[in-house]
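Heads up: the structure comes next, in structure tokens.
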Amino acid sequence: MGSDDFQPIQGMSDLAPPAIRRWQKLEAQARIVLHRYGYEEIRTPVLEKLSVFERSIGDTTDIVQKEMYVLEDRGGRKLALRPEGTAGVMRFVAGHGQDFQDGRLYYIAPMFRCERPQAGRKRQFHQLGAEAIGTPNARVDAEMIAMQVHLLHDWGLEGASIRLNTRGEPADHAAVQQGFRDLLRPLAGRLCEDCRRRMETNVLRVLDCKQEGCREVVKDLPPVTSFMSEASRAYLKDVCAVLDKLEIAYVLDPGLVRGLDYYRHTVWELTHPALGAQDAISGGGRYGLKMGNREIEGVGFAMGLERVMTALESRHLDDTGEPGTLVWLVTLGDELLDENLELAQTLRMRGIACRMDLVGRSMKAQMRAAGRAGATHVVIRGASEAEKGVYQLKTMADGVQREVTLPDLMEILAAGA
RNA sequence: GUGGGUGUAGCUCAGUAGGUUAGAGCGCCAGGUUGUGGCCCUGGAGGUCGCGGAUUCGAGUUCCGUCACUCACCCCA
């Protein structure tokens with residue numbers, strides 16, 4: 001273990017080999033799917049003005065109040081490490097006039113929240129998110145959900161389930177809150193301590209409480225939609241209809257609450273049973289964000305990639321890495337190291353992966369290293385080969401070795417690569 | 001922010017009622033084969049016992065603090 005000096009700070013971790021390979025593969029697969037739906041990547045800064053988040057996420061939310069890494073630059077400007085990806089993208093869109101009015105953008109990027117770490121919750125974590133800019137449209141919402149299902153499918157992750165709900169139009173929010181408060185106040189005695197607090201701070205969370213007593217109370221409450229306008233109910237129905245048409249399985253869950261203030265209409269969450277307490281793999285919804293004097297509307301989602309990873313691990317779907325041709329060049333005699341390095345370069349320039357030992361170790365050591373690295377071929381070149389102008393080519397799988405000339409060597413290896 | 005569990009070699013872990021040079025397996029390095037990997041045998045390197053303090057003749061072992069990991073609450077992807 002050693003000293004703290006070599007550990008990253010709390011809740012953050014190094015992403016290094018060999019695990020990084022699985023990340024690269026996951027991301028590569030995701031990009032293919034996203035491009036197929038017409039999404040293009042956007043990379044916004046990790047650091048933004050604090051106000052970008054305060055205004056969009058909601059300055060009373062926990063994320064803004066106590067989970068953000070807030071700092072000042074040398075000019076005393078208040079900045080924050082992004083706790084989520086949507087705000088930055090919307091800031092970008094708002095600053096580009098008509099250009100991205102119906103933009104489809106995605107990001108794969110680190111996010112930061114200074115929370116107490118636990119399973120599925122790091123302080124620096126990675127999200128894959130997508131945003132479809134534009135006014136409310138049930139088909140866009142449904143397609144966005146379909147795209148997430150598609151991502152999970154291509155990753156080989158099964159067993160996730162979709163919960164769907166609506167927050168209604170902005171005008172509905174107050175009515176919903178007031179409606180539930182009025183119904184719950186007389187029943188406060190049956191609620192847990194947290195829920196009595198939540199009644200005032202965030203009533204909808206009461207619907208989500210895990211406590212036995214609270215669930216008893218909640219199950220007799222009317223659905224959220226009963227406090228909403230006819231238009232809001234119709235919008236949800238439309239989304240459901242499209243999802244049904246696309247044969248996407250989902251569960252309508254009136255208890256589903258999303259944490260950020262900017263959501264309106266459709267909200268959803270994908271959970272996976274392998275995950276433990278933090279079981280949301282992805283969350284999304286339709287939103288409207290005020291950026292300066294503009295309001296940007298759209299629909300989007302964010303997936304927690306660490307969570308996707310652990311869900312994949314639980315399913316034993318670890319990739320084995322692609323074999324491909326790997327040549328290990330064994331040198332006998334230090335005086336040949338330079339010439340052999342030149343050969344290695346030649347092979348690499350021709351698209352053949354080639355590794356070699358550069359410090360002049362014993363042949364046994366070099367062979368061991370080749371085996372460990374998963375080399376498919378070993379090329380041996382020592383004094384006698386150099387003298388005759390030939391190469392010993394050994395196939396590792398069957399141990400067969402033969403003497404070849406340079407043109408033959410190139411041809412055989414290039415064919416395999 | 002609150003609570004539980006954990007912290008001994010690169011990794012997984014043993015370390016008995018506090019007692020002298022802290023162990024194993026795996027991995028790593030080397031030798032057994034004057035130029036040949038995977039198996040086997042032999043040897044070797046590698047440890048501020050998370051960190052700091054206290055008690056004691058003596059602490060990996062007890063106590064306090066601290067840092068980190070981990071799980072849960074809160075909150076959320």
Side-chain angles (χ1 to χ4, degrees), chain A residues 1-13 57 61-68 83-86 108-129 148 160 192-195 197-198 201-202 205 208-211 256-260 268-272 275-285 300-311 328 330-333 336 357 359 361-386 392-401:
Chain A
M1 297 286 176
S3 107
D4 293 341
D5 296 351
F6 307 122
Q7 286 187 336
I9 62 179
Q10 186 178 42
M12 306 201 177
S13 49
I57 298 172
T61 58
D62 271 27
I63 289 190
V64 166
Q65 286 198 324
K66 42 189 203 197
E67 293 170 9
M68 272 203 296
E84 56 95 59
T86 303
I108 300 176
M111 305 295 162
F112 304 83
R113 290 185 200 172
C114 195
E115 310 172 82
R116 191 73 174 268
Q118 75 183 76
R121 197 169 75 177
K122 303 289 259 179
R123 288 182 169 183
Q124 175 174 339
F125 58 103
H126 299 79
Q127 285 188 335
L128 182 163
Q148 281 169 97
C192 70
E193 198 182 324
D194 282 328
C195 281
R197 172 177 51 77
R198 285 195 269 242
T201 56
N202 193 354
R205 283 288 173 201
D208 212 16
C209 186
K210 292 164 194 150
Q211 300 288 321
L256 174 66
V257 182
R258 313 254 52 244
L260 314 180
W268 68 86
E269 201 165 280
L270 271 61
T271 55
H272 196 278
L275 288 186
Q278 307 294 328
D279 65 348
I281 219 170
S282 173
F301 71 83
M303 283 183 158
L305 293 182
E306 279 81 359
R307 294 182 186 178
V308 170
M309 280 298 178
T310 53
W328 195 284
V330 171
T331 309
L332 295 163
L336 287 172
D357 190 282
V359 294
R361 293 192 298 167
S362 73
M363 178 166 200
K364 192 185 179 83
Q366 293 183 66
M367 287 302 296
R368 242 200 327 265
R372 198 167 36 227
T376 52
H377 304 266
V378 163
V379 172
I380 301 159
R381 182 166 181 269
S384 57
E385 286 80 12
Q392 300 295 335
L393 176 62
K394 177 169 183 167
T395 315
M396 291 299 263
D398 54 17
V400 174
Q401 183 171 319

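Order of the sequence lines fixes the chain letters, A, B, ..., with proteins taken first and strands second; residue numbering starts at 1 for each chain. Remember, predicted model here, so these are calculated numbers, not experimental data.
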CD/A:Gln127 to CZ/A:Arg307 distance, rounded to the nearest 0.5 angstrom? 9.0 Å

Roughly how far apart are A:Lys394 NZ and A:His377 NE2, rounded to 0.5 Å? 13.0 Å

Could you work out the separation of B:A77 and B:G4 based on their P atoms and round it to a whole Å? 29 Å

Under 4.0 Å, heavy atoms only, any strand: does [X] hit a base, just the sugar-phosphate, or nothing?
| X | value |
| --- | --- |
| A:Ala383 | nothing |
| A:Gly129 | nothing |
| A:Gln148 | nothing |
| A:Gly300 | nothing |

Output the rounded distance in Å from [atom1] ([X]) to [atom2] ([N]).
| X | N | atom1 | atom2 | value |
| --- | --- | --- | --- | --- |
| A:Gln10 | B:C67 | CD | P | 9 Å |
| A:Lys364 | B:G31 | NZ | P | 8 Å |
| A:Asp398 | B:U36 | CG | P | 18 Å |
| A:Arg368 | B:G37 | CZ | P | 9 Å |
| A:Met363 | B:G31 | CE | P | 13 Å |
| A:Glu193 | B:G3 | CD | C1' | 14 Å |
| A:Met367 | B:C28 | CE | P | 15 Å |

Minimum-distance pair of heavy atoms, taken over all atoms of A:Leu336 and A:Ala386: CD2-CB, 4.0 Å

In the 5'-to-3' direction, what one-character label does each nucleotide of nucleotides 71-77 of chain B receive under the scheme B = base within less than 4.0 Å of a protein heavy atom, S = sugar-phosphate only, - = no such atom? BBBBBBB

Are A:Glu306 and A:Lys122 within salt-bridge range, i.e. N to O under 4.0 Å? no

With sequence neighbours left out, write down each residue that passes side chain to side chain contact (heavy atoms under 4.5 Å, CB included) with A:Cys114, or none if nothing qualifies. A:Tyr69, A:Arg123

With a 4.0 Å limit, can you tell me whether A:Arg372 has a side-chain N or O closer than that to the phosphate oxygens OP1/OP2 of B:G27? no

Is there, by distance only and without an angle test, a donor paired with an acceptor across the side chain of A:Gln366 and the base of B:U36 below 3.5 Å? no

